[in-house]
Amino acid sequence: MEKKRNYNYNIYLVGFMGSGKSTLGDTLSRVYRLEVVDTDRVIEKAEGMSVFDIFSEKGRDYFVEKEVELMRKLGKRKGLIVSCGGEAPLVPENLEIMKKGKIVYVKTPIEQILRRVRRRHTRPLLENKSNAEIAEMFKDRADVYADIADIIVCTAGKSRERVAEEVIEQLY
Ligand code: S3P
């Protein structure tokens, strides 16, 4: 069993949809006994419906509003791993909150992301997009994620435990 870690700031996992933020959060929680909060899951639970249904029934702005409210609450706490929706850091208020902690960009190749998101059908923003359109969106966002990150962790070809270990090695 790995040693329990304690940090006096939050660690925010950012990256494109399907990049493995939730999986990394789960691994950090299991191996290093860190408390993890997956913002999409918290919002789904509070609203009693999936992110997909929130987008189609209440709209994207409503979702973003709920996400900001949640980020404000989480920003008041410490030592959390916060697995964020892909759009979260693009909202200035969220980014301000994240900057008070450490931002980890979970970097995964677009080929792998496309395989995952095509298989699942849980991402409202990607449903009606071609692979080329998704790749374009990925390219734009990747620059933002890289820009704001304190730590960049590449997941390609690595086990989930190795990815988690690389994050921990870079935190202090
Ligand atoms: C979004 C990412 C999703 C979810 C929503 C919007 C985005 O989260 O918050 O569908 O615009 O990138 P994941 O990154 O966890 O899929």
Side-chain angles (χ1 to χ4, degrees), residues 10-29 34-75 80-98 101-149 151-156 160 163-164 167:
N10 287 341
I11 296 137
Y12 296 94
L13 308 182
V14 304
F16 203 71
M17 292 165 264
S19 56
K21 292 166 286 180
S22 300
T23 302
L24 174 57
D26 289 345
T27 311
L28 286 167
S29 148
L34 288 160
E35 186 178 347
V36 63
V37 178
D38 189 312
T39 60
D40 283 351
R41 299 295 88 79
V42 173
I43 296 169
E44 286 182 329
K45 205 164 162 213
E47 295 295 310
M49 60 173 105
S50 65
V51 169
F52 198 99
D53 289 341
I54 299 173
F55 267 66
S56 52
E57 288 177 29
K58 301 189 170 179
R60 184 177 179 171
D61 289 352
Y62 179 86
F63 176 81
V64 170
E65 218 176 273
K66 293 291 144 193
E67 195 173 49
V68 171
E69 276 171 22
L70 177 59
M71 292 295 289
R72 273 190 209 133
K73 274 192 209 152
L74 297 175
L80 298 176
I81 301 288
V82 183
S83 174
C84 303
E87 194 184 31
L90 310 180
V91 176
E93 185 171 352
N94 291 337
L95 183 58
E96 280 318 300
I97 295 167
M98 290 178 181
K102 293 270 181 270
I103 301 177
V104 178
Y105 170 26
V106 184
K107 191 173 172 188
T108 298
I110 183 67
E111 297 73 24
Q112 206 166 337
I113 286 179
L114 285 172
R115 275 200 298 276
R116 286 182 190 156
V117 300
R118 286 296 179 218
R119 204 168 55 216
R120 285 186 204 142
H121 304 287
T122 53
R123 267 72 181 215
L125 295 179
L126 303 183
E127 270 312 281
N128 302 314
K129 287 201 164 60
S130 67
N131 283 2
E133 284 168 328
I134 296 177
E136 191 60 33
M137 190 175 169
F138 172 84
K139 225 169 101 230
D140 292 343
R141 288 209 183 166
D143 290 340
V144 177
Y145 296 141
D147 237 38
I148 61 169
I151 295 169
I152 299 179
V153 65
C154 297
T155 66
R160 20 185 97 178
V163 175
V167 172

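Start at 1 and go down the list; that is how both ligands and their atoms are numbered.
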**OP:** Starting from atom 3 (C) of ligand 1, locate the nearest protein heavy atom and write down its residue, its atom name and how far away it is, to 0.1 Å.
**Re:** Asp40 OD2, 3.5 Å
Original post:
Closer than 4.0 angstrom: is that true for some heavy atom of Arg60 and an atom of ligand 1?
Top reply: no
**OP:** Give me the ring orientation class for Phe55 and Phe63: parallel if the planes are under 30° apart, tilted from 30 to 60°, perpendicular past 60°.
**Re:** tilted
Original post:
Any donor and acceptor pair, going by atom type alone, linking the side chain of Gln112 with main-chain N or O of Pro109 inside 3.5 Å?
Top reply: no
Subject >> Contact partition for Ala88 relative to ligand 1, non-hydrogen atoms under 4.0 Å >> reply: neither
Original post:
So does Glu69 pair up with Arg72, basic N to acidic O under 4.0 Å?
Top reply: no
Original post:
Counting only heavy atoms not in Asp143, do more than 12 fall under 6.0 Å of its CG?
Top reply: yes
**OP:** Run down the list Arg120, Lys21, Glu87 and name the one with the heavy atom closest to atom 7 (C) of ligand 1.
**Re:** Glu87
Original post:
Just by distance, do the side chain of Tyr105 and the backbone of Val144 share a donor-acceptor pair under 3.5 Å?
Top reply: no
Original post:
In the protein, which heavy atom is nearest to atom 16 (O) of ligand 1, and how far is it?
Top reply: Arg123 NE, 2.8 Å
Original post:
Who's the nearest protein heavy-atom neighbour of atom 12 (O) of ligand 1, and how far?
Top reply: Arg141 NH1, 2.6 Å
Subject >> Flag side-chain contact, heavy atom, 4.5 Å: Arg118 against Asn131 >> reply: yes
Subject >> Phe63 to ligand 1, any heavy atom closer than 4.0 Å >> reply: yes
Original post:
Using 4.0 Å as the upper bound for N to carboxylate O, is an ion pair formed by Lys129 and Glu136?
Top reply: no
**OP:** Give yes or no for whether the N/O distance cutoff of 3.5 Å, strictly under, is met between Gly86 and ligand 1.
**Re:** yes
Subject >> Numbered atoms of ligand 1 (with element) below 4.0 Å of Pro124, judged on heavy atoms >> reply: 10 (O)
